[in-house]
Amino acid sequence: MILWGLTLRTNNPINKIEHHYDKFIQSCNTLSILTQIHSILTTTGIIKQSVHLTARIIIKYSSFLHLQTARHVFDSTDHETSSFLWNTMLRAYANSGFSSDALEFYSLMRRSDFTPNNYTFPFVLKSCAASLLITHGKLVHSEVLRTGFGSDVYVEAALVDMYAGCGIIDDARKVFDKMSKRDVVCWTAMITAYEQAERAETALCLLDQMQQEGFVMDWVATVTIASAVGQLGDAKRGRAVHGYAVRHGLFYEVPVVNSVLAMYAKCGEVEVAEMIFERSEERNVITWNSMLTCYVQNGLASEALDLFERMKTSDVNLNQVTVLIVVSACSYLGSQQQAAKIHDFIVQNKVDINQTLRNAIMDMYAKCADLDTALKMFKEIPVNQLDVSAWNTLIAGYGMHGYGKQALNVFNQMKDENFQPNHITFTSVLSACSHSGLVNEGKKCFAEMEIFSVAKDPKHYACMVDMYGRAGLLNDAYELIKDMKSHANDEVWGALLLACKIHGNTNLAEVAADNLFHLEPQHTGYYVLMSNIYADSRNWQEVGNLRRDMKNKGLRKPAAVSLIEVNNELYGFRTGEDIDSFTRNVYQKVERVVVELKMEGYVPDLSCVFHDVEDEDKHGMLNYHGEKLALAFGLMNVDAGLPIFINKNLRVCSDCHSVFKLVSRVYGRKIVVRDVNRFHHFEDGLCSCNDYW
DNA sequence: CTAGGGTTAG
């Protein structure tokens with residue numbers, strides 16, 4: 001082997017050999033080569049003579065996550081004499097994620113004669129932050145002060161980071177404010193702290209101050225700022241950050257490209273993100289993942305799945321995050337065929353399935369109308385891996401399919417097995433109760449939150465309002481909102497508005513809408529809902545006013561899309577789609593179905609057409625609702641005996657709902673419809689939601 | 001020729 005050539009020349013002075021080996025170790029990228037180099041260094045005795053190479057070997061082993069070997073190397077040296085090696089070993093633990101080992105090692109250092117120095121503290125502090133051990137961190141902080149390293153920039157920056165990492169941002173700020181000298185790194189650390197705490201505005205203010213003091217953003221700072229702007233979803237500021245990166249020659253650092261891409265994604269600028277992605281010369285997994293996420297966040301799930309196919313044939317290595325994103329894309333899409341394909345991919349490629357991923361997969365099956373597979377997965381979870389979120393996923397799964405009783409059973413079982421329900425558990429349980437009209441049970445659960453000391457957040461209130469609202473208890477719903485005082489947010493008012501729609505209460509609806517337009521002036525859905533309520537009461541004037549209002553604000557009603565999967569192919573239908581050779585048959589089928597249903601007593605519910613038009617036109621518009629087209633297409637193409645599964649991006653209208661019920665009886669078909677909120681299982685003329693949605 | 005801030009997902 002090439003390495004032997006070097007060792008033969010042992011008469012070379014040690015520093016020359018040291019230099020050669022140093023290069024070898026640094027460039028070595030497999031564990032087996034490292035092991036070979038290591039054994040050569042040992043047998044030739046070179047390692048004994050070079051502290052520097054020993055350190056290199058330790059760090060390199062740790063980069064392959066072989067901490068035990070690294071430790072073994074450390075133990076076989078005369079480390080007592082070298083604080084450098086102590087620090088190196090500590091660094092090996094701290095920088096490869098073995099933070100508890102790092103802390104243990106640090107206490108060993110303290111018990112030895114070793115005195116910590118300015119190199120030691122950053123590693124220790126990093127490990128404290130990583131293990132969220134704030135008490136430990138504070139102890140180290142006092143040690144820093146006692147040993148006189150309190151004004152070392154490196155140590156101070158690490159302190160800022162430690163407090164921020166433990167979530168105590170005020171203490172981080174205290175350390176930061178006391179610093180006598182600051183550089184870009186500690187400014188960035190402090191800015192990042194605010195960004196991570198979702199205080200993007202504060203982060204940007206601090207950036208201003210940093211620039212006023214004459215510091216220039218480097219690429220790391222740019223990455224953080226891009227994330228902060230992404231949080232705000234402010235496309236204008238986004239473009240400014242992008243421009244800065246380009247002007248300062250930072251746009252070739254892959255992390256900068258990635259964070260700018262993710263930033264545009266969060267600002268809804270899909271085309272810009274796509275352009276950046278396509279033009280980027282260097283891409284890593286994160287670049288791909290960011291683009292996938294961009295599609296998912298902007299409701300383009302099938303584009304995400306297409307990109308995933310492209311990714312498979314590229315040379316990047318997919319990781320667990322990739323799979324997580326793709327699974328969530330499939331959850332949105334509701335495609336059973338894609339779900340099976342992705343799960344298969346995960347198994348084939350031996351992707352590590354941890355709790356998070358498993359729950360995501362269970363959720364995906366539930367949202368693809370395959371609750372059975374989700375249940376099966378739950379049952380197969382090894383006992384030691386069963387956690388609260390798995391229970392939560394199961395409860396939510398039952399809930400969204402309208403099985404409120406089963407959801408409650410699971411909730412009870414979970415408590416029996418001594419799992420502590422958390423805030424997500426209660427959201428799932430309450431929404432399950434709400435979907436099934438289990439008002440009393442829901443009230444009980446709501447009260448139970450205090451027993452488990454789970455704080456009630458607006459989400460829980462929204463479930464309760466929804467539950468009261470659907471059950472027609474509009475006053476109870478309204479009273480509950482009043483109890484919340486200023487904490488009432490758009491979710492709760494939105495739930496009330498929906499309830500007003502179901503029960504035709506225009507007056508209360510106006511109260512809710514007033515609050516909503518104030519809280520979320522850009523949210524299209526609330527305008528549409530309110531205008532539908534006016535349309536229900538035939539108040540065409542107000543409908544017109546709202547339309548105009550929306551137009552002035554540049555808001556457009558999102559297009560209703562219904563998806564149906566036939567023979568492993570996904571078909572989409574929009575309401576009022578243009579007639580072409582493909583859709584003509586489908587339209588004709590709808591007409592025939594409607595004629596047949598009318599003989600069975602179907603009376604079209606014209607209130608579901610929200611335009612002030614002649615009744616004759618209304619019939620046409622009603623029949624051309626996307627979900628009816630999809631249903632007709634399903635009747636024509638899905639084998640009798642198989643259920644028809646339709647996925648809709650908005651709420652189902654009541655006319656379509658009654659048509660679906662009738663079809664399930666007259667044609668003897670099982671139909672499953674997923675809308676934005678829940679599943680409807682139609683069978684024998686009935687729906688699992690008990691007409692309650 | 002030891003050290004500090006960084007991108008996706010949850």
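All chains are named by letter (A, B, ...) in the order of the sequence lines, taking the proteins before the strands, and each is independently numbered beginning at 1. Side-chain atoms are counted along with the backbone in the values below, which use heavy atoms only and exclude waters and symmetry mates.
With B:dA3, B:dG5, B:dT7 as the candidates, the nucleotide lying closest to the side chain of A:Y154 is B:dA3. Each of B:dA9, B:dT7, B:dG5 was ranked by its minimum atom distance to the side chain of A:T293; first place goes to B:dA9. Here B:dA3 is the nucleotide among B:dG4, B:dA3, B:dG5 with the atom lying nearest to any side-chain atom of A:N118. Closest to the side chain of A:A221, out of B:dT7, B:dG5, B:dG4, is B:dG5. For A:V321, counting side-chain heavy atoms from C-beta on, the closest listed nucleotide (B:dT8, B:dC1, B:dG5) is B:dT8. Checking B:dC1, B:dT8, B:dG5 against the side-chain heavy atoms of A:D218 singles out B:dG5 as nearest.
The distance from atom CZ of A:R358 to atom C1' of B:dG10 is 16 Å, rounded to the nearest whole Å. In this structure, A:E198 atom CD and B:dG10 atom C1' are separated by 12 Å, rounded to whole Å. Here B:dA9 presents its P atom at 14 Å from CE of A:M263, a figure rounded to the nearest Å. Rounded to whole angstrom, the span from the CG atom of A:L261 across to the C1' atom of B:dA9 amounts to 14 Å. The interatomic distance linking A:D22 (CG) with B:dT2 (C1') rounds to 12 Å, in whole Å. Remark: C1' of B:dT2 and CD1 of A:I59 are 8 Å apart, rounded to the nearest angstrom. Between A:F121 atom CZ and B:dA3 atom P there is a gap of 17 Å when expressed in whole angstrom units. Distance A:H52 NE2 to B:dT2 P: 9 Å, rounded to the nearest Å.
For the residue pair A:S131 / A:S99, a side-chain donor-acceptor distance below 3.5 Å is found, with atom types taken as modelled.
The aromatic rings of A:H460 and A:F426 lie perpendicular to each other, with more than 60° between the two planes, well past the 30° mark. In this pair, A:F105 and A:F74 present their aromatic rings perpendicular. The plane angle is above 60°, beyond the 30 to 60° band.
Interface remark: the A:D152 side chain does not form any donor-acceptor pair with the B:dG4 base, using a distance-only criterion of under 3.5 Å. Residue A:D183 places no side-chain atom within donor-acceptor reach of the base of B:dG5, judged by atom type and a 3.5 Å distance cut-off alone.
Taking the six-membered ring for Trp, A:Y154 and A:Y119 have ring centres at least 6.0 Å apart. The distance between the ring centers of A:F308 and A:Y295 does not fall below 6.0 angstrom. Ring centroids of A:H20 and A:F24 are separated by 6.0 Å or more, keeping the two rings apart. Aromatic pair A:H38/A:Y61: ring centres closer than 6.0 Å. Aromatic pair A:H52/A:F84: centroids not less than 6.0 angstrom apart.
With centres under 5.5 Å and a plane angle under 30° as the test, the ring of A:Y119 is not stacked against the base of B:dA3.
Nucleic acid contact class of A:V220 (heavy atoms, under 4.0 Å, all strands): base. Residue-level contact check: A:E195 touches neither bases nor backbone, having no heavy atom under 4.0 Å from any strand. A:V155 comes within 4.0 angstrom of nothing in the nucleic acid, heavy atoms only. No engagement by A:V323 is indicated, since no non-hydrogen atom pair under 4.0 Å with the nucleic acid exists. Residue A:N87 is in base contact, counting any heavy-atom pair closer than 4.0 Å across all strands shown. Contacts of A:T88 with the nucleic acid, taken as non-hydrogen atoms under 4.0 Å apart, are absent.
Contact check, A:Q26 against B:dC1: no side-chain N or O comes under 4.0 Å of OP1 or OP2. Close to B:dG10, at under 4.0 Å from its OP1 or OP2, lies no side-chain N or O of A:Q355.
Within a 6.0 Å sphere centred on CD of A:E104, heavy atoms belonging to other residues, nucleotides or ligands number 12 at most.
Geometrically, A:R182 engages A:F176 in a cation-pi contact defined by less than 6.0 Å to the ring centre and at most 45° from the axis.
A heavy-atom distance below 4.0 Å to DNA chain B is reached by none of the residues of residues 310-320 of chain A. Sorted by residue number, the members of residues 266-290 of chain A with any non-hydrogen atom under 4.0 Å from DNA chain B read A:K266, A:I286, A:N289, A:S290.
A:A329 and A:A304 make their closest contact through CB-CB, 4.0 Å (heavy atoms, listed as atom of the first residue, atom of the second, distance).
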